[in-house]
Amino acid sequence: MTDTTDIEKIIKQFALYGDLVSVKGFGSGHINNTYVSTFNQGGIELRYTHQRINKTVFTKPNQVMENIVHVTEHIQNKLKSEKFKDVSQRTLTVIHTHEGLPYYVDSNGDYWRTYLFIDHVKTFDFLTDAPLAYTLGEAIGVFQNQLSDYTGPRLYDTIPQFHNMKFRYQQLEEALKRDSKKRASNIQKELAFLQENKERGMVLVEGLESGKLKEGITHNDTKINNLLFSEQDNSVLCVIDLDTVMPGTILFDTGDLIRTATITGAEDEQDLTKIDFNFDLFKSLIEGYLSIAKSFLTAYEISLLAESGRNITQIMAVRFLTDYLNGDLYYKTTREHHNLDRARTQIKFIQSLDSQWANIEQFITSL
Ligand code: ADP
Ligand code: GN1
Ligand code: MG
């Protein structure tokens, strides 16, 4: 953890005015370290978000920031042309350093960035109520639409093969061979499940390879705590965590939304009886989503909506289990079997989804 003096020194590198009043750690993301500062600017208190970009995960943080600058500028221009008066609440605003760079590199070689803090918002780790699911579906539809006419430079692949299921299975198989922490014997049931589902899991990657699924700009991390809801009226204001915005199929994002918005408990819940797929939340989510996305989805994409949720959950199970075998090198963990607990919720969620598959298919066909 960076201490207060260091973080104050880092904050001073960014073009911020007034007096720094306080700074504290913030948020529950698995990847970056997030802080929030408060400044007194002429008697008004303003807040900023500062993040140390995880350089093990993002080996070229400058490319991450280049992507984010392009995407946020694109969205800001769109919102301005649509006459929104709260653009700085509806997309991230990157604050540059005194030298004009979108990041600062400290003496350890760590990359830091600063955003305007988006205030009067709340986040959810999972949902309990159907109207919120509808709103969330709409919001991702709007976000996909905002990115659909991005014409800037081709974005960097900030994590190559991020959603490539073939690659993720290879990583799992390599980790299993090494079994560096001698954990493989704990997870035979989970491995068997993933093996049985391997072939079915290839549908999105093979769709992209064959051209049946078109490539666009996608977020790649649309889990629901990366969307900020207004405290006032529960509308979705902003999609954050743009580190993995890069080329992909739109179904990666729809799938991650289904994974995180229709599960009945936390991603790391240890009591698996609390983990299920909630069909009512799914229906509302998809209705909200299609109210916007119907205009740009192909019939093939619509036929794969539920499958995309199953698929992204499966890739998360593979990734969590791989990290468990590797000794928890990638995701932040706070207990010994944290990654295994996460993998287990994902598998339980898929099993629950499968037990309701007939209803789901009927609903999707009715669309
Ligand atoms: P990670 O990659 O670690 O998930 P995020 O960018 O998602 O990092 O940030 C972690 C958390 O910090 C978010 O879930 C959100 O609660 C909060 N956060 C990040 N950026 C902002 C912002 N600009 N305004 C308000 N809250 C933010
Ligand atoms: C990570 O950064 P965060 O916590 O929003 C991960 C996602 C996973 C998610 C699972 C760059 O997201 O891919 O879906 O955890 N981000 C990265 O909770 O690997
Ligand atoms: Mg996040």
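Values in this document were obtained by computation on a predicted structure and should not be read as measured data. As the structure lists them, so they are numbered: ligands from 1, and atoms in each ligand from 1. All residue numbers in this chain count up from 1 along the given sequence.
- Below 30°, between 30° and 60°, or above 60°: for Phe124 and Phe229 the angle between ring planes is above 60°, a perpendicular geometry.
- Among protein heavy atoms, atom 24 (N) of ligand 1 sits closest to Ile118 N, 2.8 Å.
- The N/O atoms of Glu267, backbone and side chain alike, include one that comes under 3.5 Å of an N/O atom in ligand 2.
- Close approach of ligand 1 to Thr34 (heavy-atom distance below 4.0 Å) involves ligand atoms 9 (O), 10 (C), 12 (O).
- When each atom of ligand 1 is checked for a heavy atom of Ile31 under 4.0 Å away, the hits are 2 (O), 3 (O).
- Below 4.0 Å from some heavy atom of Asn226 lie the following atoms of ligand 1, by number and element: 7 (O).
- Between the Mg ion (ligand 3) and the N, O or S atoms of Asp241, the shortest distance is to OD2.
- Under a cut-off of 6.0 angstrom, the local environment of NZ in Lys181 is sparse, with at most 12 non-hydrogen atoms contributed by other residues, nucleotides or ligands.
- In this structure, the protein non-hydrogen atom closest to atom 17 (C) of ligand 1 is Phe26 CE2, 3.6 Å.
- Ranking the protein heavy atoms by distance from atom 20 (N) of ligand 1 puts Thr49 CG2, 3.7 Å first.
- Using bins of under 30°, 30° to 60° and over 60° for the plane-to-plane angle, the ring pair His163/Phe252 lands in the tilted bin.
- Distances between N or O atoms of Asp221 and those of ligand 2 include at least one value under 3.5 Å.
- If you check the side chains of Asn40 and Asp19, you find no donor sitting under 3.5 Å from an acceptor.
- At least one N/O/S atom of Asn226, whether from backbone or side chain, sits less than 2.8 Å from the Mg ion (ligand 3).
- Relative ring orientation between Tyr35 and Trp112 is described as tilted, the plane-to-plane angle lying within the 30° to 60° band.
- When the heavy-atom distances from atom 14 (O) of ligand 1 to Thr244, Asn225, Asn32, Thr91 are ranked, the shortest goes to Asn225.
- Numbered from 1 in the order shown, with element, the atoms of ligand 2 that lie under 4.0 Å from a heavy atom of Asp241 read 2 (O), 3 (P), 5 (O).
- Around atom 13 (C) of ligand 1, the closest heavy atom drawn from Asn33, Thr114, Ile240 belongs to Ile240.
- Nearest protein heavy-atom contact of atom 8 (O) of ligand 1 is Gln51 NE2, 3.4 Å.
- Considering backbone and side-chain N/O of Thr244, none are found under 3.5 Å from N/O of ligand 2.
- At a heavy-atom distance under 4.0 Å, only side-chain atoms of Asn226, from C-beta outward, approach ligand 2.
- For a threshold of 3.5 Å applied to N or O pairs, the pair formed by Phe117 and ligand 1 contains no separation below that value.
- Comment: Glu206 does not engage Lys212 in a salt bridge, judged by the lack of any side-chain N to carboxylate O separation of less than 4.0 angstrom.
- Gln63 and Thr158 are not linked by any side-chain donor-acceptor pair at a separation below 3.5 angstrom, with hydrogens and angles left out of the test.
- Between atom 4 (O) of ligand 2 and the options Met316, Arg342, His30, the minimum heavy-atom separation is to His30.
- The Gly29 neighbourhood of ligand 2 comprises atoms 4 (O), with distances under 4.0 Å to a heavy atom of that residue.
- No salt bridge links Arg319 with Glu267; every basic N to acidic carboxylate O contact stays at or beyond 4.0 Å.
- Remark: ligand 1 and Asp241 share an N or O pair separated by less than 3.5 Å (distance only, no angle test).
- Across Arg319, Arg259, Lys223, His163, heavy-atom proximity to atom 13 (O) of ligand 2 is greatest for Arg319.
- When only interatomic distances are considered, the shortest N/O to N/O separation between Leu116 and ligand 1 falls below 3.5 Å.
- For NE2 of His98, the number of neighbouring non-hydrogen atoms (other residues, nucleotides, ligands) closer than 6.0 Å is greater than 12.
- Relative orientation of the Tyr48 and Phe39 rings is perpendicular, given thresholds of 30° and 60° on the angle between their planes.
- Phe349 does not carry Arg259 over the face of its six-membered ring by the limits of under 6.0 Å from the centre and within 45° of the normal.
- By the criterion of side-chain heavy atoms lying less than 4.5 angstrom apart, applied directly or through intervening Ile, Leu, Val, Met, Phe, Trp or Tyr residues, Leu329 is not grouped with Ile53; the two fall into different hydrophobic clusters.
- Of the candidates Tyr330, Phe58, Tyr331, Phe320, it is Tyr330 that places a heavy atom closest to atom 17 (C) of ligand 2.
- Of the protein's non-hydrogen atoms, the one nearest atom 2 (O) of ligand 2 is Ile31 CG1, 3.2 Å.
- With no hydrogens or angles considered, no side-chain donor-acceptor pair links Asn220 and Thr244 at under 3.5 Å.
- Between Phe277 and Phe282, the distance separating the two ring centers is shorter than 6.0 angstrom.
- In summary, the atoms of ligand 1 found under 4.0 Å from a heavy atom of Leu92, numbered by their order in the structure, are 23 (N).
- Asn164 pairs with exactly one of Gln161, Lys166, Arg168 by the side chain to side chain donor-acceptor pair (under 3.5 Å) rule, that one being Gln161.
- Among all protein heavy atoms, the one lying closest to atom 11 (C) of ligand 1 is Gly27 CA, 3.9 Å.
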